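Just so you know, these numbers use all the heavy atoms, side chains as well, and skip hydrogens, waters and symmetry mates. From a predicted model like this one, the values you see are computed outputs, not experimental measurements.
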Amino acid sequence: MTKSIKIQDIRNIGIIAHIDAGKTTVSERILYYTGRSHKLGEVHDGEAIMDWMPDEQERGITITSAVTTCPWKGRDIHIIDTPGHVDFTIEVERSLRVLDGAVGVFCGVGGVEPQSETVWRQADKYRVPKLAFVNKLDRIGADFFNVVDMIRTRLKANPLVLQLPYGAEESFKGIIDLIPMKAIVWDDDSLGATFHDEVIPQEHMDQAEEYRSRLIETVAEVDDGIMEAYLAEESIDNNMLTAAIRKATIDLKLVPVLCGSALKNKGIQPLLDAVVAYLPSPADLPPIQGVHPETGEVISCPPADNKPLAALIFKVAMMEGRKLCFVRVYSGKLETGKDVFNPFRKKKEKLSRILQMHANKRERVEVAGAGTIVGVIGLKESSTGETLCMADKPVLLEKIDTYEPVISVAVEPKTHADQDKVEEVLAKFADEDPTLRMQQDQETGQMILSGMGELHLEVIVSRMRREFNVQVNVGKPQVVYRESIEHSSEGSAVFDKEVAGQRHYGEVRVLLNPLPRGTGNRFVSKLDDTIIPAVFVKAVEKGIMESLESGTVMGYPVVDIEAVLVGGGYKESQGSELAYKVSAAMACKEALAAGDGFLLDPIMQVEVFVPEEFMGEVIGDLNARSGKIEAIEPKVGVQEIRAVVPLARMFGYSTALRSATQGRGTFSMHFSHFDKA
């Protein structure tokens with residue numbers, strides 16, 4: 001980057017939404033109107049710039065979050081287009097972790113759909129300020145006001161309507177902007193690049209005036225300055241109003257709502273103006289907090305180039321066989337050729353190149369300052385969620401949450417030549433994707449691949465064939481169960497052996513208590529130092545926790561257990577960590593066997609959308625799959641059925657639903673909890 005840009009002029013935003021709400025189309029229009037691309041890429045033609053992977057183009061969905069930078073009115077907007085499909089939730093999670101603002105895209109017909117709720121909750125978790133863009137208002141059945149209502153009721157947000165649609169369905173022309181009180185109409189012959197202002201027509205005037213006064217009332221509720229002017233009945237100028245909306249948006253008190261139709265090229269430029277006007281720059285947010293890796297003291301990392309470096313790797317990708325790390329710089333700056341320090345691995349790394357990203361194309365830059373999002377090449381060992389800083393000023397930023405996989409398949413190479421390549425390629429994918437796990441099945445020797453859903457694993461296998469030319473056979477999907485115990489049970493064990501010429505002795509008695517579902521495992525010691533010295537209690541805990549990694553029913557991880565150390569023994573000069581770890585593991589296994597273990601099924605939250613006439617058949621099918629219907633809600637033209645169903649019974653559901661509803665039903669599912677089968 002030859003020009004240097006002030007931190008106040010940077011916006012880091014994500015585009016989040018349910019699958020098919022039009023996120024990628026919105027991103028494509030933004031690239032076109034900011035001069036970043038010279039042709040409108042369409043998702044349905046498989047030509048979207050942001051969906052550059054062959055799998056994304058074929059399926060018409062976003063799989064990985066793509067990063068791009070585009071200029072708008074003297075500002076640099078870094079945009080991450082995130083996936084809407086629930087199998088790729090981790091992509092959204094890690095993008096939101098490093099963004100300063102988000103644009104939620106909602107379909108004008110479908111409104112707030114299940115996955116929009118999930119991504120919205122993720123954004124709330126990281127306290128990300130948001131704008132809402134109601135898209136597809138040119139479609140039959142589009143209802144802007146219904147969507148605003150759903151944002152209020154379903155997302156528990158406080159929507160602030162800034163624009164009204166001008167026209168509806170096929171006669172949708174443009175928008176009515178309530179702050180300057182004017183209509184904006186796009187010229188159809190310019191692919192939406194040119195537009196002009198008009199006076200609001202008389203038939204829309206009453207509605208516009210009503211919504212403008214509502215707008216001022218809503219802002220007055222959260223801003224004292226506007227409230228005073230409103231009560232004194234003074235005129236409120238637009239600059240004052242915009243500043244108040246910006247502050248309330250950044251404080252998460254309001255969500256400005258805009259509207260348009262990305263496919264018909266209407267409403268994108270005012271959306272960009274709103275991103276600049278209402279979403280924060282890195283300087284508008286409180287400095288991110290980290291901790292000192294040795295002392296644990298809290299360190300504040302202010303967004304300035306002249307402060308010590310603090311940057312977070314939020315994604316790793318393989319580009320043409322090289323490891324590319326996506327990095328958000330919070331404080332200080334990255335420079336090509338300089339050393340950085342990874343406090344998590346206690347290793348120095350060298351930055352060989354810094355790249356400004358544009359989907360899968362990139363430009364080299366020498367320096368990346370605070371607030372920027374860049375790609376970095378040259379980090380050999382660093383991985384997702386790790387921090388980069390300076391060796392003499394170390395800081396650890398909070399890691400990114402990952403999700404536990406719920407479904408697995410066995411993969412094996414088709415030919416002997418593919419044998420070595422399979423492990424190597426899967427290791428690369430596991431580096432990229434923290435929700436992908438792989439392990440060798442000790443009994444069968446097969447490679448077991450676990451992920452977030454059938455589509456997730458399908459895409460991985462497809463990429464193995466495509467990008468690395470590795471041919472594999474794939475087994476039927478298997479459910480990843482958990483185990484627990486029915487009742488409290490005790491176990492004890494003694495380890496008394498000579499190892500390498502030295503006597504090792506450890507005696508442990510353990511009580512296991514079942515805990516409520518979803519509590520997790522915990523360890524408690526009720527002994528004083530005279531029975532087992534405190535120095536060995538850590539080894540006992542380690543032995544028990546490792547032992548809980550595989551249960552006695554079918555070898556799945558054991559969950560929701562409290563392990564209490566209730567007794568044991570110690571012999572002077574013979575006690576050792578090894579002895580206590582092994583005896584604790586043996587005692588734990590004995591207690592598990594006595595506790596009447598049982599399997600826990602992963603239970604999925606399923607949302608099915610079906611036309612009225614197929615309701616009976618679909619509900620019958622869900623009941624046959626041991627599903628519990630939780631709610632049925634009428635929507636525009638369809639009914640939404642919400643149910644919880646064991647994952648083991650959901651295989652092949654998409655085919656069953658299609659045939660039961662003549663292809664008109666759709667569904668989404670995500671992991672809810674583990675429960676007794």
Please determine if [X] and [Y] form a salt bridge, counting it only when a charged side-chain N lies under 4.0 Å from a carboxylate O.
{"X": "Arg642", "Y": "Glu640", "answer": "yes"}
{"X": "Asp100", "Y": "Arg328", "answer": "yes"}
{"X": "Glu541", "Y": "Arg522", "answer": "no"}
{"X": "Lys571", "Y": "Glu507", "answer": "no"}
{"X": "Lys130", "Y": "Asp124", "answer": "yes"}
{"X": "Arg345", "Y": "Glu386", "answer": "yes"}

Are the side chain of [X] and the backbone N or O of [Y] linked by a donor-acceptor pair below 3.5 Å?
{"X": "Lys156", "Y": "Thr153", "result": "yes"}
{"X": "Glu483", "Y": "Gly555", "result": "yes"}
{"X": "Glu349", "Y": "Val340", "result": "no"}
{"X": "Asp601", "Y": "Ile603", "result": "no"}
{"X": "Ser331", "Y": "Pro303", "result": "no"}

What's the shortest heavy-atom distance between [X] and [Y], and which atoms?
{"X": "Ile313", "Y": "Ser382", "result": "CD1-CB, 3.4 Å"}
{"X": "Leu600", "Y": "Tyr481", "result": "O-CD2, 3.4 Å"}
{"X": "Ile373", "Y": "Val98", "result": "CD1-O, 4.4 Å"}
{"X": "Ala585", "Y": "Ser547", "result": "O-OG, 3.5 Å"}
{"X": "Pro413", "Y": "Val422", "result": "CB-CG2, 3.8 Å"}

To the nearest 0.5 Å, what is the distance between [atom1] ([X]) and [atom2] ([Y])?
{"X": "Asn521", "Y": "Leu515", "atom1": "CG", "atom2": "CG", "answer": "7.5 Å"}
{"X": "Leu565", "Y": "Ile531", "atom1": "CG", "atom2": "CD1", "answer": "8.5 Å"}
{"X": "Leu647", "Y": "Arg625", "atom1": "CG", "atom2": "CZ", "answer": "11.5 Å"}
{"X": "Cys325", "Y": "Leu312", "atom1": "SG", "atom2": "CG", "answer": "11.0 Å"}
{"X": "Leu592", "Y": "Leu512", "atom1": "CG", "atom2": "CG", "answer": "5.5 Å"}
{"X": "Phe341", "Y": "Met390", "atom1": "CZ", "atom2": "CE", "answer": "12.5 Å"}

Side chains of [X] and [Y]: closer than 4.5 Å at any heavy-atom pair?
{"X": "Lys338", "Y": "Leu334", "value": "no"}
{"X": "Lys589", "Y": "Ser550", "value": "yes"}
{"X": "Asp496", "Y": "Arg503", "value": "yes"}
{"X": "Gln289", "Y": "Cys301", "value": "no"}
{"X": "Asp675", "Y": "Val644", "value": "no"}
{"X": "Val510", "Y": "Val564", "value": "no"}
{"X": "Leu285", "Y": "Tyr330", "value": "no"}
{"X": "Val291", "Y": "Val395", "value": "no"}

*asked:* Go through it in stages, so that I can follow the logic: the residues are Lys581 and Glu546, the test is salt bridge (charged side-chain N to carboxylate O under 4.0 Å, His left out), and I'd like the CA-CA distance, side-chain angles, deciding distance and then a yes or no.
replied: CA-CA 9 Å; Lys581 189 176 156 189; Glu546 281 179 13; 3.4 Å; yes
_Inter- and intrachain pairs under ring pair (Phe, Tyr, Trp, His ring centres under 6.0 Å), touching residues 511-545, at least two apart_ =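 As it turns out, the ring pair (Phe, Tyr, Trp, His ring centres under 6.0 Å) pairs with a partner in residues 511-545, which skip direct neighbours, are Phe536-Tyr580.
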*asked:* Under a 3.5 Å cutoff, is there a donor and acceptor pairing between the side chains of Asp560 and Ser484?
replied: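 Result is no, nothing qualifies.
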*Would you say the side chains of Glu630 and Gln605 form a donor-acceptor pair under 3.5 Å?*
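Per modelled atom types, Glu630 and Gln605 side chains form a pair under 3.5 Å.
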*Got a sec, which residues hit side chain to side chain donor-acceptor pair (under 3.5 Å) with His487, two or more places apart in sequence or on another chain?*
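If we apply the side chain to side chain donor-acceptor pair (under 3.5 Å) test to His487, skipping adjacent residues, the hits are Asp596.
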*Can you tell me if OH on Tyr556 sees more than 12 non-hydrogen neighbours from other groups inside 6.0 Å?*
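Atom OH in Tyr556 is crowded, with more than 12 foreign heavy atoms closer than 6.0 Å.
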